[in-house]
Amino acid sequence: MTQDPTPQQALEAIRSIRADLDRRLVYPLGSRVIHATLMAGVVAVFAAPAGVAFGLAVLIALGAIVVALRDRARLGWQAGVGLSRGAQAVGLGLGLAMMALIALAMSPRLFDGPVWAGPLAVALAWLAAFAAGEVWMRAYRRDVAG
């Protein structure tokens, strides 16, 4: 029969697991660049002419699937259903920012807005997604660490 650990031993085991998890939860720079490029591509779909937009949307969808599978296989984890509150808030904020940038990207076609609005929206989407990746990972680590 195995001996049950004392409460102190159980707490030490939990702390060591959390410390190991913190080292495993890394978000490599290359992945951040790829994810930011995919997010900017989503905004670019709405700025592109209709004929180009469909092809671009298909490429972005395939790229997102490949990146998600690659990250899960390489890093051993994938963000998903069990997100922490902080990570959910960052994701919601990024989603709202992307919706505003999509509206900005569509403005030249819908409202005869300035021509530079589309490229500006794509650049801002890339910057927002790149920065949100680091903020998201910090929030996720903080919530996982307890």
Side-chain angles (χ1 to χ4, degrees), residues 7-146:
Q8 191 65 21
Q9 290 171 331
L11 284 174
E12 287 301 318
I14 291 171
R15 285 188 187 114
S16 69
I17 289 170
R18 283 186 174 166
D20 182 51
L21 187 62
D22 193 39
R23 281 185 274 127
R24 288 187 65 211
L25 288 177
V26 294
Y27 194 21
L29 181 63
S31 292
R32 283 178 56 200
V33 168
I34 291 170
H35 291 142
T37 303
L38 288 172
M39 291 299 290
V42 169
V43 175
V45 166
F46 292 95
V52 176
F54 179 74
L56 190 58
V58 169
L59 288 176
I60 289 169
L62 291 174
I65 291 169
V66 168
V67 167
L69 293 175
R70 181 186 63 99
D71 282 353
R72 185 175 57 182
R74 190 172 56 115
L75 300 174
W77 61 274
Q78 180 179 0
V81 181
L83 290 179
S84 64
R85 290 275 188 210
Q88 285 178 349
V90 173
L92 179 64
L94 179 61
L96 292 173
M98 289 298 142
M99 289 192 313
L101 291 169
I102 286 170
L104 177 64
M106 292 175 65
S107 69
R109 291 189 318 174
L110 296 178
F111 307 114
D112 200 26
V115 177
W116 49 263
L120 175 67
V122 172
L124 290 174
W126 192 92
L127 290 172
F130 187 79
E134 182 62 28
V135 174
W136 184 92
M137 183 52 76
R138 286 183 185 175
Y140 190 74
R141 274 193 209 125
R142 183 183 61 239
D143 290 346
V144 167

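Since this is a predicted model, take the numbers as computed values, not measurements.
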S.K.: Quick one: closest heavy-atom pair of Trp136 and Gly91, and the distance?
M.R.: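 Reported closest heavy-atom pair: CD1-N, 4.3 Å.
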
S.K.: What is the minimum heavy-atom distance between Gly118 and Ala47, and which atoms define it?
M.R.: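 Looking at all heavy atoms of both residues, the shortest contact is CA-CB, 4.0 Å.
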
S.K.: Which residues pass the ring pair (Phe, Tyr, Trp, His ring centres under 6.0 Å) test with Phe130, sequence neighbours left out?
M.R.: Trp126

S.K.: Just so I know, are the side chains of Leu56 and Ile60 near enough to count as touching, which here means a heavy-atom distance under 4.5 Å?
M.R.: yes

S.K.: For Ala36 and Ala129, work out which heavy atoms get closest and say how close.
M.R.: CA-CB, 3.7 Å

S.K.: At their closest point, which heavy atom of Pro108 faces which heavy atom of Pro114, and how far apart are they?
M.R.: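 Shortest heavy-atom contact: CG-O, 3.2 Å.
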
S.K.: Is there side-chain contact between Met98 and Val43, with at least one heavy-atom pair below 4.5 Å?
M.R.: yes

S.K.: How many angstroms lie between CG in Leu124 and CG in Leu104, if you round to the nearest 0.5 Å?
M.R.: 7.5 Å

S.K.: Give me each pair satisfying salt bridge (charged side-chain N to carboxylate O under 4.0 Å, His left out) with a member in residues 30-55, each pair once, sequence neighbours excluded.
M.R.: Arg32-Glu134

S.K.: Could you measure the distance from the CD1 atom of Ile102 to the CE atom of Met99? Nearest 0.5 Å is fine.
M.R.: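 It comes to 8.0 Å.
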
S.K.: When you look at Met39 and Leu94, which way does the side-chain contact (heavy atoms from CB on, under 4.5 Å) test go after all the steps?
M.R.: CA-CA 10 Å; Met39 291 299 290; Leu94 179 61; 4.3 Å; yes

S.K.: Quick one: side chain to side chain donor-acceptor pair (under 3.5 Å) pairs with a partner in residues 108-123, sequence neighbours left out?
M.R.: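 For residues 108-123: none.
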
